[in-house]
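Data first, discussion second: the structure below is written as structure tokens.
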Amino acid sequence: MFAYEKKLQYPVNIKQPNPKLARVIVTQLGGPDGELGAALRYLSQRYAMPYGEVSGILTDIGTEELGHVEMISTIVYQLTRNLTPEEIKRSGFDTYFVDHTTGIYPIAASGQPFTASFFQSAGDVITDLTEDMAAEQKARTTYDNILRLADDYDVRDAIRFLRQRELVHFQRFGEPFRTRRSQCKKLHRKRCSPCSLSLD
């Protein structure tokens with residue numbers, strides 16, 4: 001069960017519309033390394049995770065990623081509100097606008113809509129935690145790239161916050177990864193069995 005708090009995890013208050021920048025930032029909503037994929041990845045992986053503490057971390061971070069979906073959606077909305085037809089055409093936002101107006105739609109900067117093939121849930125402790133750490137680093141790289149393109153302070157402030165959370169999540173996944181990998185190595189010396197099937 002989730003409890004919804006009616007406020008963003010970090011305030012977003014963008015004063016200057018910029019649809020060109022919105023076309024880039026929307027990738028962190030529906031792109032291959034975006035927040036929607038992260039939330040679904042972690043909330044899916046938690047069911048097959050045999051360790052309560054790791055399942056708890058997946059639930060915590062997956063829930064937080066839903067909050068990041070909300071933040072990215074707010075950023076995109078604020079960057080595209082009150083646009084004139086001339087601004088829409090001049091910025092290249094017209095191809096998005098024709099399908100979605102200024103509605104929030106999970107899409108990559110390249111134009112590819114969100115797909116479940118952007119994430120993995122393998123049901124193996126080491127495989128999934130490795131996937132999760134890589135996903136956090138890829139999202140951090142995308143935020144770095146957005147920061148290279150954005151010069152609006154209000155946008156940069158919110159993006160810097162989201163980037164920092166990727167680093168925290170990477171560290172949180174790293175702790176159980178190191179513990180479980182060490183246990184797997186010990187088990188493989190004793191008997192041949194997949195490490196995720198018998199780590200008790």
Side-chain angles (χ1 to χ4, degrees), residues 1-12 25 27-75 104 106 114-144 146 157-200:
M1 184 173 117
F2 296 97
Y4 177 65
E5 193 172 342
K6 295 184 178 182
K7 67 176 189 176
L8 296 177
Q9 187 181 8
Y10 188 84
V12 175
I25 292 174
T27 203
Q28 280 303 83
L29 173 62
D33 304 312
E35 303 291 358
L36 181 58
L40 293 174
R41 174 186 300 111
Y42 307 145
L43 293 175
S44 297
Q45 289 175 352
R46 70 188 175 138
Y47 291 100
M49 189 58 62
Y51 304 101
E53 74 277 6
V54 183
S55 180
I57 290 170
L58 288 164
T59 303
D60 290 348
I61 296 175
T63 304
E64 183 179 347
E65 300 290 13
L66 291 174
H68 296 174
V69 165
E70 200 172 36
M71 282 185 67
I72 290 293
S73 298
T74 301
I75 292 168
I104 305 303
F114 177 79
T115 169
S117 65
F118 286 160
F119 69 92
Q120 180 57 272
S121 180
D124 179 89
V125 176
I126 300 302
T127 303
D128 282 345
L129 288 173
T130 301
E131 161 90 4
D132 300 343
M133 291 190 302
E136 294 296 327
Q137 287 300 314
K138 289 186 282 184
R140 190 255 324 142
T141 299
T142 304
Y143 282 126
D144 285 344
I146 290 170
D157 184 50
I159 295 298
R160 276 194 297 262
F161 170 82
L162 290 165
R163 179 194 181 279
Q164 185 61 34
R165 296 308 299 162
E166 305 300 339
L167 299 175
V168 171
H169 296 168
F170 177 79
Q171 292 167 345
R172 286 197 67 198
F173 285 132
E175 293 164 13
F177 173 78
R178 286 185 294 276
T179 301
R180 299 305 170 198
R181 186 178 60 182
S182 173
Q183 289 177 337
C184 281
K185 285 179 181 175
K186 289 176 187 171
L187 279 174
H188 280 297
R189 276 186 236 132
K190 293 179 182 175
R191 62 181 182 265
C192 292
S193 65
C195 66
S196 64
L197 298 180
S198 179
L199 282 178
D200 301 56

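What you see below is based on every heavy atom in this structure, not just the backbone, and it leaves out hydrogens, waters and symmetry mates. Note that the numbering runs from 1 along the sequence shown for the chain.
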Between [X] and [Y], is any pair of side-chain heavy atoms under 4.5 Å apart?
X	Y	value
V125	V54	no
Y10	L162	no
F177	I126	yes
T63	L43	yes
R172	D60	yes

For the residue pair [X] and [Y], what are the closest heavy atoms and their distance?
X	Y	answer
G62	A39	O-CB, 3.7 Å
L129	P176	CD1-C, 4.0 Å
R41	A135	NH1-CB, 3.3 Å
D128	Q120	OD1-O, 4.5 Å

Checklist entry - Just by distance, do the side chain of T142 and the backbone of K138 share a donor-acceptor pair under 3.5 Å? => result yes
Which distance, rounded to the nearest 0.5 Å, do you find between the [atom1] of [X] and the [atom2] of [Y]?
X	Y	atom1	atom2	answer
F170	I61	CZ	CD1	11.5 Å
H169	L58	NE2	CG	11.5 Å
T74	I104	OG1	CD1	8.0 Å
Q137	F173	CD	CZ	12.0 Å
Q9	L66	CD	CG	11.0 Å
E166	D144	CD	CG	10.0 Å

Next on the checklist: I'd like to know whether L29 forms a side chain to side chain contact (heavy atoms under 4.5 Å, CB included) with I75, so could you lay out the CA-CA distance, the side-chain angles of the two residues, the decisive distance to 0.1 Å, and finally the verdict.
Outcome noted: CA-CA 10 Å; L29 173 62; I75 292 168; over 6 Å; no
Checklist entry - How would you list, by chain and number, every residue that makes a ring-ring contact (aromatic ring centres under 6.0 Å, His included) with F118, sequence neighbours excluded? => result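 Partners of F118 by the ring-ring contact (aromatic ring centres under 6.0 Å, His included) criterion, ordered by chain and then number, come out as F114.
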Checklist entry - Which is it for E35 and M71 under the side chain to side chain contact (heavy atoms under 4.5 Å, CB included) test, yes or no, and what are the steps along the way? => result CA-CA 10 Å; E35 303 291 358; M71 282 185 67; over 6 Å; no
Checklist entry - How are the rings of H68 and F161 set to each other: parallel, tilted or perpendicular (split at 30° and 60°)? => result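 If you compare the ring of H68 with that of F161, the planes turn out perpendicular.
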Item to check | Side-chain donor-acceptor contact under 3.5 Å, E70 with Y4 | outcome: yes
Next on the checklist: Exactly one of E64, E65, E136 should register a salt bridge (charged side-chain N to carboxylate O under 4.0 Å, His left out) with R165. Which one does?
Outcome noted: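 Option passing the salt bridge (charged side-chain N to carboxylate O under 4.0 Å, His left out) with R165: E64.
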